[in-house]
Amino acid sequence: MSKHCAQSSKNEKVDSTNENDLELFDMLCVALHFAGLKRSALKQILQAYSDELDSFDDEAPYGQEEIIAIIHALQAKYPEAFHNSNKK
């Protein structure tokens, strides 16, 4: 394989990874929207979500249930950021 082809293949993988990252980011934004997030609070809550991930145990499973749990925790911690926060 030529150096150009190897570089091209590497760039395609990076582009694909970036595209996947953007798709996941978009899906998180959609999930937050359906959780009632106010558009004006998007930046704040995305940072808070990132902070939650930073404190997440790397050895623990991370899937749909954990994502939902983080969103519920954010709703409880930042009720002013959500239209329909559950007040219990």
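In what follows, every heavy atom counts, from backbone to side chain, and hydrogens, waters and symmetry copies are set aside. In this text the structure is predicted, and so the values were computed from the model without any measurement.
- Under the 4.5 Å side-chain heavy-atom criterion for grouping Ile, Leu, Val, Met, Phe, Trp and Tyr, I68 is not connected to L74 through any hydrophobic cluster.
- Residues I71 and A31 approach most closely at CD1-CB, 4.0 Å, considering heavy atoms.
- Within the structure, the side chain to side chain donor-acceptor pair (under 3.5 Å) test picks out the following pairs touching residues 22-47 (sequence neighbours left out): Q47-D51.
- Taking hydrophobic clusters as Ile, Leu, Val, Met, Phe, Trp and Tyr residues chained together by side-chain heavy-atom distances below 4.5 Å, M27 does not share a cluster with L37.
- Pairs passing the side chain to side chain donor-acceptor pair (under 3.5 Å) check and including a residue from residues 52-65, sequence neighbours excluded, read Y49-Y62.
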Check your understanding: Hey, mind stepping through L32 and L46 against side-chain contact (heavy atoms from CB on, under 4.5 Å) and telling me if it holds?
Key -> CA-CA 9 Å; L32 289 167; L46 287 174; 3.9 Å; yes
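- Between the CD1 atom in I45 and the CD1 atom in I70 there is a gap of 12.5 Å [rounded to 0.5 Å].
- The nearest pair of heavy atoms linking A48 to Y78 is CB-CE1, 3.7 Å.
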